[in-house]
Amino acid sequence: MAEIGDIDKRVGLLLGKMTLREKIGQMVQVSYRGGGISDDLKHRLREGRIGSMLNGVPPEINAEIQRIAVEESRLGIPLIMGRDVVHGFRTIFPIPLGQAATWDPPLAEACARAAAGEAAAAGIHWTFAPMMDIARDPRWGRIAESFGEDPYLTSRFAEAAVRGFQGKDLAAPDAIAACAKHFAGYGAAEGGRDYDTANIPERLLRDVYLPPFKAAVDAGTATVMTAFNEIDGVPTTGNGRLLRGMLRDEWGFGGFVVSDWESVAEMVAHGFCEDDKEAAQKALAAGVDMEMQSSAYADHLESLVSEGAVPGKLIDNAVRRILKVKFGLGLFEKPPIYAASSSKAPSRENLDLAKQAALKSVVLLKNKNKILPLSKERSPIAVIGPLADDAYEILGTWNRDGRIEDTVTPLAGIRKLLGDSAEIHYAAGLEYSRSRDTGQFARAVELARQSKAVIFFGGEEAILSGEAHSRACLKLPGAQSELIEEIAGAGTPVVLVILAGRPLTIGDVSEKVDAVLYAWHPGTMGGSALADLIFGIEAPSGKLPVTFPQTEGQIPVYYAHKNTGRPPDRTPLTMLEDIPRRAAQSSLGDAARYLDIGYLPLYPFGYGLSYAEFAYGGLQISSDKIRRGENLRVSVQVTNIGNVDAEEVAQLYVRDLSASVTRPVKELKGFQRVRLKAKQTKTIVFDLSAEILGFHDGEMRYVVEPGEFHLWVGGDSRADLRAEFQIVE
Ligand code: BGC
């Protein structure tokens, strides 16, 4: 890779040759609108008025566009070609929320590495990923693209994805630039409605929403994307405190910032700018280096400079940062991919990796009477459900380049695994997940009746999660619940497999079935992985990266909440149905909870069963007092007390009992995935640094305050094996 000093020199030399118009051109990103390369596009490319293109560009067109930019423009500056390579390119890995459920960041890093290799081979230089917005509201469709609700877990995945996409050397032929998005607070959209206002006090922003971005910056992300939302009256795309203050000045981010799609011009609709011209000025002043899709920069920056409203230095600095990334990617050296190969079929290694990721992402939520794993002797088997044999929907949101012909559906996976050893009958029951047509119910129920086990694949189609796809009702869509109920009524044991982009409120249907596997949208090899899990080739080991609510009215519900002055369990719980008529007010207790559902979630953060069982014991800490700058060594013994080999994710949580500002009741501060043979015990060691026990105080300084702490280790956020320690001066 070229030396940084060397790159700075080359950037400086190039900048010196550029006209103002060419400089502004580097700050302009447009999408290809289909229909060939228009004369207008050719003209703008030749004039150096475009610095980047995104999405929708077929490789052949991509190559020709790049050729024009490099060979026919005055300075021959290559375009940086961007695309949403979110959870795979041709090989589709589980959606990010599913990857987070693996609690295996090195595995996610490998997935990003593989995706980068496939994308780079098709002429892509830059992905708009990873998304690291903290998501505590499953109504929000983009929770599918997130790593869930927790800042620590999300940070580990954010840095892993950045390392995976960019590799060790950004200039390597299989590396692409990452983009940490959406900066910031986008996941806190009011009511879970995409694009809506985020109300986030500064401390919460700093303690919860920003740490993943800091981790991505520390991991060397080349770019950062702003968000659509406003926080406290200021759209993030025009937010200098965030973009310059925190990102550049506090954290020393040296890459470039791109807006989100038209989010510069949208500052007019926000009511933050009078017109596009003001939007261009405010976005640049705030620190947006490149404008995605809208044309405020292209249309107005030149006049803003000549009028003296925008200092030329701001433009030079933005262009310098963009060119630096282009040089860093080796775009000036790499022969631009003129004969870009169309996307190649996935390699064996990438498919194996996709299967590994899917295997580890699936969470076993229920397993009554150990019905799972199913024995192959349970024949005939009925495979039912709208998602049992759908090769498209299981790829999930942001699937741009995956193909159904590469995809193994659950039905195909089961057929392949069982071969002739079992009789398999299939009925969709419903044509697609939202269908309310009960016409095929009778056949599905009949099949269930004739079989020894039913495996039902339901959930959400890909289109129901992702951008702009929020839902207010989180039940299984269409008539799926009714179908499951009828099937369960047939008396045959039912295994329910949910494929979805978000937590669904599946409490009712779960009660009617024997087992529940939550598989998210598991990608190209999802069906093969599910077959292995259902028939016990592997034991499930995924853990929830997000709390599952009982019902929508309980949202937001997350494990790291505050205790409040009246904690939910401070008085015995009286449920709605147990309240006598005209009960006295005082008899109901007075705590932070609901009369109708109490306060517990359907499933807690970190939760996930296995075919084995794990016992935790022998918790030891190296000292009961540590100072700032020191580490606490925590060791614990985990034993597989089950009969099969399996993996467990041991989780470490901490609580700061009293501080200058209140702290959450529990916070994840470490986790480890371990493989344990049946009956095997392993000692796991965590090195907990005092440094990560801090928070932002009243003056927004990051502080590690002395005081009492509790620490727990266990298999989910309800972990109750506890130790106590202090941080001392
Ligand atoms: C999304 C971004 C995405 C961009 C480009 C926007 O609508 O919010 O996450 O990277 O489009 O496709």
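First listed ligand is number 1; within each ligand, the first listed atom is number 1. Computed from a predicted structure; not experimentally measured.
Near W261, meaning under 4.0 Å from one of its heavy atoms, ligand 1 places the atoms 6 (C), 7 (O), 11 (O). The F128 neighbourhood of ligand 1 comprises atoms 10 (O), with distances under 4.0 Å to a heavy atom of that residue. For ligand 1, the atoms closer than 4.0 angstrom to any heavy atom of H182 are 2 (C), 8 (O), 9 (O). For ligand 1, the atoms lying closer than 4.0 Å to a non-hydrogen atom of L54 are 5 (C). In summary, the atoms of ligand 1 found under 4.0 Å from a heavy atom of K181, numbered by their order in the structure, are 2 (C), 3 (C), 9 (O), 10 (O). Ligand-side atoms of ligand 1 in range of F228: 6 (C), 7 (O), 8 (O), range being under 4.0 angstrom from any heavy atom.
Cation-pi geometry between K326 and F332 is not satisfied (NZ or CZ under 6.0 Å from the ring centre, within 45° of the ring normal).
The pair E145-R502 does not count as a salt bridge, with every side-chain nitrogen at least 4.0 angstrom from each carboxylate oxygen. Salt-bridge formation is not detected for the pair R136/E149: no Lys NZ or Arg NE/NH1/NH2 atom is positioned less than 4.0 Å from an Asp or Glu carboxylate oxygen. The pair E460-R434 does not meet the salt-bridge criterion, since no charged nitrogen lies less than 4.0 angstrom from a carboxylate oxygen.
Residues Q356 and D104 fail the side-chain proximity criterion, which asks for heavy atoms closer than 4.5 Å. Under the 4.5 Å side-chain criterion, counting only non-hydrogen atoms from C-beta, M81 is in contact with I65.
Looking at atom 12 (O) of ligand 1, its nearest protein heavy atom turns out to be D84 OD2, 2.5 Å. Of all protein heavy atoms, the one lying nearest to atom 4 (C) of ligand 1 is D260 OD1, 3.6 Å.
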Task: Check against side chain to side chain contact (heavy atoms under 4.5 Å, CB included), I143 and S465 - done: CA-CA 8 Å; I143 194 171; S465 60; over 6 Å; no
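An N or O contact shorter than 3.5 Å links E467 to ligand 1 by distance. Among the atoms of W398, none of the N or O lies under 3.5 angstrom from an N or O of ligand 1. Among the atoms of E145, none of the N or O lies under 3.5 angstrom from an N or O of ligand 1.
Not close to ligand 1: M131, with no non-hydrogen atom less than 4.0 angstrom away.
By the criterion of a heavy-atom distance under 4.0 Å, the side chain of R142, and not its backbone, is placed next to ligand 1.
Summarising the geometry, atom CZ belonging to F213 is positioned 10.0 Å from atom OG belonging to S155; distances are rounded to the nearest 0.5 Å.
In this structure, A468 and Y195 approach most closely via the heavy-atom pair CB-OH, 3.5 Å.
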